[in-house]
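The first residue in the sequence is number 1, and the count goes up from there. Everything numeric in this text was worked out from a predicted model, so none of it was measured.
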Amino acid sequence: MGHPSPKYSAEFKQRAVRLYRERGGTYAEIARELGVDAGSISDWVKKADTAQASPEDNPFKAAEENRRLRREVERLRRENEVLLKAGAFFAGRRL
């Protein structure tokens, strides 16, 4: 079985894309310098290009925020389900 992929911050990805664009080298050169896989650099550059964001925007940060919000929504759904079941239980007991 393979090793899990390392998680890089949105800021790290954005800096890697900026470095690639400023230097104009190859993905492999930038990847060696940063200690990451060249395929990751390629993916990050393509993602940034498809986002067509201004240099101040960070498309990777939006993805992180989206994941965080999805986890929060799931947690809230579970909490709501527990509350509904508890309400039904106590309504049936007629205290």
Side-chain angles (χ1 to χ4, degrees):
M1 214 187 295
H3 299 283
S5 319
K7 302 293 181 202
Y8 298 104
S9 70
E11 289 79 17
F12 180 83
K13 293 175 184 179
Q14 187 177 27
R15 283 194 308 259
V17 169
R18 190 176 327 118
L19 187 63
Y20 170 77
R21 289 181 176 158
E22 288 172 357
R23 293 203 184 155
T26 65
Y27 295 130
E29 291 170 348
I30 302 300
R32 274 192 301 273
E33 184 176 329
L34 297 175
V36 300
D37 183 62
S40 296
I41 301 286
S42 172
D43 291 343
W44 299 339
V45 169
K46 288 175 186 171
K47 186 171 188 176
D49 287 344
T50 58
Q52 297 177 349
S54 66
E56 295 81 34
D57 293 338
N58 188 341
F60 306 107
K61 190 165 218 118
E64 286 179 359
E65 179 70 6
N66 193 11
R67 281 191 296 274
R68 184 189 68 76
L69 290 172
R70 287 179 191 270
R71 284 192 305 267
E72 184 175 352
V73 165
E74 184 57 36
R75 180 184 59 82
L76 292 171
R77 282 185 181 146
R78 286 192 309 268
E79 289 177 3
N80 191 37
E81 184 177 321
V82 168
L83 291 172
L84 288 172
K85 288 179 181 179
F89 174 77
F90 287 116
R93 284 186 71 185
R94 300 200 187 253
L95 296 175

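The side-chain contact (heavy atoms from CB on, under 4.5 Å) with Arg23 is formed by just one residue from the set Glu33, Arg18, Glu29; it is Glu33.
Listed here is the closest heavy atom pair of Ala31 and Asp37: CB-C, 3.8 Å. Of all the heavy atoms in Arg21 and Val45, the pair that sits closest is NH2-O, 4.0 Å.
Here the NZ-CD distance, from Lys47 to Gln14, works out to 12.5 Å after rounding to the nearest 0.5 Å. To the nearest 0.5 Å, atoms NZ (Lys61) and OG (Ser9) are separated by 8.0 Å.
Electrostatic pairing of Glu64 and Arg68 does not count as a salt bridge here, judged by no charged N lying under 4.0 Å from a carboxylate O. The existence of a salt bridge linking Arg70 and Glu74 is excluded, since no basic side-chain nitrogen approaches an acidic carboxylate oxygen closer than 4.0 Å.
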Next on the checklist: As a quick check of understanding, evaluate salt bridge (charged side-chain N to carboxylate O under 4.0 Å, His left out) for Arg15 and Glu11, giving each step before the final call.
Outcome noted: CA-CA 6 Å; Arg15 283 194 308 259; Glu11 289 79 17; over 6 Å; no
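Between Tyr8 and Trp44, the ring planes lie perpendicular to each other; the angle is over 60°, past the 30° to 60° tilted range.
Under the 4.5 Å side-chain criterion, counting only non-hydrogen atoms from C-beta, Glu79 is not in contact with Val82.
Counted within 6.0 Å of CZ on Arg75, heavy atoms from surrounding residues, nucleotides or ligands total more than 12; the atom is thus considered enclosed.
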